[in-house]
> 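Take a look at the following structure, please.
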Amino acid sequence: MPRINVGSWADTCVEWLRHHLTWLFDFVSHVLTDMYNGIEAVLTAPHPLLLMGIFAVLAWWLRGLPAAVLTFAGFALIDSIQQWEATMQSLALVLVACIITVVVAVPLGIWAARSRAVGGALRPVLDLMQTMPAMVYLIPGILFFGIGVMPGMVATIIFSMPPAVRMTELGIRQVDGELVEAAEAFGTHPRRTLFRVQLPLALPTIMAGINQVIMLALSMVVIAGMVGAEGLGSSVYNAVSSVNVALGFEAGLAVVILAMYLDRMTGALNERVSPLGRRALAKAQAALGGLKFLYWKPATSVAMAGVVVLALVAGGLNVFGKDGAKTDGGGRPITLGYVNWDEGKATTYLWKEILEQRGFKPKAQALEAGALFTGQARGDVDVQTNAWLPTTHAEYYKKYKDKLEDLGAWYDKTSLEIAVPSYMKDIKTLDDLKGRAGEFGGKITGIEPGAGEMKILKGKVLGDYGLDGEYKVAESSTASMLTELDRAYAAKKPIAVTLWSPHWAYDKYDLTKLEDPKGSFGSGDSLHLLGRKGFAKDEPQVAKWMKNFHLDEKQLTSLENAVKSAGEGHEQDGVRTWLKKNPGLVDRFAPSANVSYAKGKDAGAAPNIGYPAWDEGIATTYLWKNVLEKRGYKPTIRNLDVGPMWTGLSSGQIDVEFDGWLPVAQKQYWDQYKDDLVDVGAWYDKTSLEIAVPSYVKGVKTLDDLREHRDEFKGKIIGIEPGTGEMKRLKSTVAPAYGLEDFQVTEAGTSSMLAELDRAYAKKEPIAVVLWSPHWAYSKYDLTKLADPQHTWGDNNQIKTLGHKSFPEKFPELNGWLKNWKMTPDELGSLEKDIQDAGKGHENDGVEKWIADHPGIVDKMAPVK
């Protein structure tokens with residue numbers, strides 16, 4: 001038989017509708033979205049207990065006291081398993097879908113009942129609507145309305161409408177013809193016959209149809225979770241894709257409770273509004289005997305009064321809100337989409353937490369890869385964090401790149417592979433799989449069918465290695481693949497799975513990545529942030545944050561582990577736990593223009609800080625002055641020579657200093673005053689003391705060479721402050737050891753030494769200066785540290801924080817901060833440079849610039865819980 005391209009015709013029809021009826025779809029979307037938002041706001045605004053009370057009162061009115069008690073208990077259980085908000089979102093979706101369905105279906109059913117031609121024409125259409133697999137409706141739904149609530153709602157309306165039309169038609173056709181004839185014989189207008197005779201008698205059948213609409217709508221709402229519809233469907237989809245039994249059972253239980261409530265209430269409503277139903281109800285109650293009190297129902301006016309009172313209380317509790325502080329986001333919404341892969345989920349919820357802290361209202365949606373890219377191209381998703389480019393998601397990116405913005409790669413470099421357990425000793429490459437299908441059950445366990453890796457595997461890898469007819473690729477989900485791997489690994493059975501790096505599975509299991517000598521999987525991807533077209537223009541600050549976002553492998557895997565450990569539905573709790581262990585990252589990833597610093601518990605304390613006029617001493621002292629002021633302290637800083645500073649420190653006039661070079665350079669001061677001091681801790685390791693010369697002075701590499709070239713340097717070494725340990729050690733130990741006693745060592749200050757160095761360097765004149773590492777001069781000038789083969793400078797120093805012995809008790813919070821404080825050479829060098837560039841008298845400006853360039857540094861140095 002020749003192929004009939006029915007699918008192509010359907011595709012062409014959908015494309016035509018998209019291009020020519022956009023105005024209609026926009027109108028429908030606007031109306032339904034507004035209805036959903038309104039109902040969802042009403043259901044989620046009150047405290048759950050109040051809404052439970054309203055539901056219970058309605059159950060009491062419709063079915064009696066036992067139903068009211070069970071209703072309250074059922075919804076209380078939903079709240080206790082943390083599915084309340086999702087349940088209310090699903091209820092809102094069902095209510096909107098059912099309202100639209102009833103409004104359309106009942107008139108159609110009446111029309112079909114009164115015209116056999118209309119009934120005959122509608123029947124095949126209804127057959128198609130009712131028997132088409134439910135998930136198929138999601139495809140045009142995404143294309144017409146994007147992802148989120150709308151495609152789920154429209155698909156729900158289409159899928160649930162046929163029972164209402166059929167049951168309405170059936171109910172009216174079943175009304176006794178003699179009754180209709182009698183009404184007509186008395187001259188009753190056809191419209192009055194319909195409303196006074198046919199509809200009241202057909203009402204039980206119509207209500208049964210509406211009941212079926214609600215049940216079908218609930219089942220479709222769950223399926224709609226696959227395309228980003230909110231509510232219990234999203235919870236079920238996440239549970240299925242991650243094989244999370246606990247979340248799946250809890251979400252499923254919430255669906256069951258909601259379905260039972262809606263089913264029983266609509267059934268009871270039929271008894272209330274239908275004359276036949278009221279008579280049947282009266283007979284049933286008469287037969288109850290002594291138990292009649294249990295099924296006593298309040299009058300409609302009493303029940304409605306109770307509902308109104310509870311509603312007013314619920315509304316009153318939400319009238320007064322708090323004005324939020326000024327934030328970067330201003331409450332603006334941002335939609336984050338992700339495929340349910342570990343790195344995608346982890347980074348999406350990381351950015352959700354960051355954006356919430358910056359005042360935005362982000363929403364995270366789990367979607368299949370195809371739906372995600374399609375939705376983003378339509379503008380329904382603002383950002384996705386996990387685009388694998390240029391290989392894995394190449395097909396989607398090529399199709400939609402004109403409607404997307406690449407915000408940059410945040411991780412490089414990944415790899416795609418097939419992996420097997422390492423206990424399969426003789427399988428190392430993809431070539432080794434050939435002829436071994438029997439061991440693996442003839443299959444390779446894959447992940448989501450829409451994933452780029454799966455398309456590469458089936459479209460290229462299997463063919464390149466001759467595995468096409470031998471192996472079947474089992475399509476499932478990442479979570480299902482990992483479950484299969486875990487089960488096979490525990491039983492030591494052969495298994496081949498699609499994997500990628502980085503992935504935590506390589507830490508948990510001993511696996512072999514099968515080599516790909518033909519390069520069929522490609523050269524590896526980078527993980528990119530993609531924005532919808534226009535996102536950077538709409539949210540320039542967020543786009544800038546995301547362009548500068550980077551994670552290394554250690555950060556990524558620890559974040560994935562934290563999110564995984566928190567459990568499904570608690571991803572953000574996992575992110576918060578991770579951020580607590582990595583303080584300052586939020587400020588680093590998203591530096592805010594509206595940062596407010598928390599006060600320390602010892603805010604108001606006034607430590608006296610001393611410092612010598614050395615670059616690292618100036619830099620760290622002004623840095624801590626700035627940090628302490630942000631934490632509410634009132635520090636005082638004093639510039640002193642080394643000797644007076646140690647004396648003041650030992651007497652308690654100085655509480656703390658940050659520039660103690662020990663155990664060598666300032667050993668004599670430490671030995672003299674150590675009984676009155678406390679070593680708070682080293683913040684820099686390791687330093688060195690040296691003499692340095694410009695690198696254009698050839699032939700001078702060691703201190704011995706300096707002696708031999710004495711005349712070039714005019715017999716002079718440019719020194720620093722005379723009281724420093726380095727100067728004393730130079731004269732007492734270094735000079736005698738290398739025969740440098742006849743060198744004149746000038747004693748001025750560090751600034752004078754640096755001025756001399758700058759002048760000589762500019763003229764390319766020989767000069768020998770006393771220096772130390774770390775020092776910014778090594779970045780500014782090309783200098784040679786003269787080697788000390790005799791080790792006369794002694795052991796390397798650490799730079800330590802030293803305090804008076806009363807310091808830990810007097811300033812316990814600050815003491816704790818300083819114990820944990822560390823600086824890297826790059827941090828110290830850049831801090832010194834910023835302070836130098838700011839100029840003398842403007843040290844605070846330099847520190848502020850450095851803090852702005854190192855977001856999160858305040859929280860890292862001085863964490864406040």
Side-chain angles (χ1 to χ4, degrees), residues 147 228 328-329 332-358 360-414 451-452 500 502 524-553 555-557 559-560 563 571-572 575 578-579 585-592 855:
I147 61 170
D328 297 278
R332 295 191 300 278
I334 290 181
T335 304
L336 305 168
Y338 68 96
V339 179
N340 205 7
W341 298 346
D342 291 287
E343 71 283 350
K345 180 187 290 187
T347 51
T348 297
Y349 279 95
L350 171 61
W351 273 106
K352 185 173 186 290
E353 175 65 19
I354 291 171
L355 292 172
E356 283 179 357
Q357 290 193 27
R358 291 296 179 256
F360 292 86
K361 288 187 176 179
K363 181 174 71 173
Q365 291 183 323
L367 299 160
E368 292 289 338
L372 174 57
F373 274 88
T374 303
Q376 194 169 18
R378 282 180 47 88
D380 300 318
V381 174
D382 292 307
V383 178
Q384 61 162 307
T385 67
N386 201 36
W388 287 55
L389 296 172
T391 305
T392 307
H393 288 141
E395 180 181 343
Y396 297 117
Y397 189 70
K398 181 180 179 181
K399 183 176 181 180
Y400 296 116
K401 65 180 179 181
D402 293 339
K403 299 178 181 179
L404 301 173
E405 295 177 349
D406 188 353
L407 301 177
W410 58 268
Y411 186 93
D412 190 87
K413 188 108 151 138
T414 67
W500 55 93
D525 284 318
S526 298
L527 304 185
H528 286 245
L529 280 147
L530 294 183
R532 59 167 172 78
K533 190 171 183 178
F535 177 72
K537 182 180 178 181
D538 295 340
E539 293 292 351
Q541 187 179 36
V542 178
K544 181 179 178 182
W545 292 340
M546 290 181 168
K547 286 176 181 178
N548 294 323
F549 172 63
H550 294 283
L551 286 178
D552 58 35
E553 185 168 2
Q555 289 172 321
L556 176 57
T557 53
L559 174 61
E560 288 177 353
V563 170
E571 292 87 356
Q572 224 161 327
V575 168
W578 183 78
L579 287 173
L585 281 185
V586 172
D587 288 331
R588 177 181 153 196
F589 293 149
S592 173

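These numbers come from the heavy atoms of this one structure, side chains and all, not from hydrogens, waters or symmetry mates. A quick note: this is a predicted structure, and the numbers were derived from the prediction, not measured.
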> Strictly distance-based, threshold 3.5 Å: is any side-chain N or O of Asn340 a donor or acceptor partner for the main-chain N or O of Ala366?
no

> Could you grab the distance from atom CZ of Phe589 to atom CG of Leu355, nearest 0.5 Å is fine?
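Spacing of CZ (Phe589) from CG (Leu355) equals 12.5 Å.
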
> How far does NZ of Lys398 sit from CG of Leu389, to the nearest 0.5 angstrom?
14.0 Å

> Rounded to the nearest 0.5 Å, how far does CG of Leu350 lie from CD of Gln555?
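Answer rounded to 0.5 Å: 10.0 Å.
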
> Walk me through it: do Arg358 and Val586 pass the test side chain to side chain contact (heavy atoms under 4.5 Å, CB included)?
CA-CA 9 Å; Arg358 291 296 179 256; Val586 172; 3.8 Å; yes

> Between the side chain of Gln357 and the main-chain N/O of Ile354, is any donor-acceptor distance below 3.5 Å?
no

> Can you tell me how far OG1 of Thr348 sits from CD of Gln384, rounded to the nearest 0.5 angstrom?
8.5 Å

> Taking the side chain as everything from C-beta on, heavy atoms only, tell me whether His528 gets closer than 4.5 Å to Trp388.
no

> Apply side chain to side chain donor-acceptor pair (under 3.5 Å) to Asp525 and Thr414, showing your working.
CA-CA 5 Å; Asp525 284 318; Thr414 67; 4.5 Å; no

> Can you see which heavy atom on Ala364 is nearest to which on Lys352, and at what distance?
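So the minimum-distance heavy-atom pair works out to CB-CD, 4.0 Å.
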
> Charged N to carboxylate O under 4.0 angstrom, Asp538 versus Lys533?
no

> Using modelled atom types only, decide if a donor and an acceptor are shared between the side chain of Trp351 and the backbone of Thr385 within a distance under 3.5 Å.
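It does not hold such a pair.
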
> Salt bridge check: are Glu395 and Lys399 linked by an N-O gap of less than 4.0 Å?
no

> So Lys345 and Tyr349, do their side chains get closer than 4.5 Å, heavy atoms only?
yes

> Which distance, rounded to the nearest 0.5 Å, do you find between the OH of Tyr411 and the CD of Glu553?
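Going from OH on Tyr411 over to CD on Glu553, the span is 3.5 Å.
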
> Nearest 0.5 angstrom please: Phe535 CZ to Leu407 CG, how far?
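Result: 6.5 Å between the selected atoms.
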
> I want to check something: taking the side chain as every heavy atom from C-beta on, are Gln572 and Glu356 in contact at a cut-off of under 4.5 Å?
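When only atoms from C-beta onward are counted, Glu356 and Gln572 do touch, with a gap below 4.5 Å.
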
> Is it true that, when you exclude Lys413 itself, more than 12 heavy atoms of the residues, nucleotides or ligands shown sit nearer than 6.0 Å to its NZ?
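More than 12 heavy atoms, drawn from other residues, nucleotides or ligands, come within 6.0 Å of this atom.
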
> Between Val381 and Gly337, which heavy-atom pair has the shortest distance, and what is it?
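Nearest heavy atoms, Val381 then Gly337: CG1-N, 3.5 Å.
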
> Evaluate the side-chain proximity of Val542 to Met546: yes if any heavy-atom separation is below 4.5 Å, no if none is.
yes

> Run the side chain to side chain contact (heavy atoms under 4.5 Å, CB included) test on Val383 and Leu529 for me, step by step, so that the C-alpha distance in whole Å, both residues' side-chain angles and the decisive distance to 0.1 Å come before the verdict.
CA-CA 7 Å; Val383 178; Leu529 280 147; 3.9 Å; yes

> Do Arg532 and Glu405 sit within salt-bridge range, that is, some charged N less than 4.0 Å from a carboxylate O?
no

> Checking the side chain of Gln376 only, and the main-chain atoms of Leu530 only, is there a donor and an acceptor separated by less than 3.5 Å?
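At least one qualifying donor-acceptor pair exists.
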
> Specify the closest pair of heavy atoms between Ala369 and Val339, including all atoms of both residues, with the distance to one decimal.
CA-CG2, 3.7 Å

> Could you check if a side-chain atom of Leu336 sits within less than 4.5 angstrom of a side-chain atom of Lys363, using non-hydrogen atoms only?
no

> Does the separation of the ring centres of Trp341 and His393 fall below 6.0 angstrom?
yes

> Is the distance between the ring centroids of Phe373 and Tyr397 under 6.0 Å?
no

> Hey, are Tyr396 and Thr374 close enough side-chain-wise for a donor-acceptor pair under 3.5 Å?
no

> Determine whether the side chains of Glu343 and Trp410 contain a donor N or O and an acceptor N or O closer than 3.5 Å.
no

> Check Tyr338 against Gly344 and note the closest heavy-atom contact, atom names and distance.
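Scanning both residues completely, I find the closest heavy atoms to be CB-O, 4.0 Å.
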
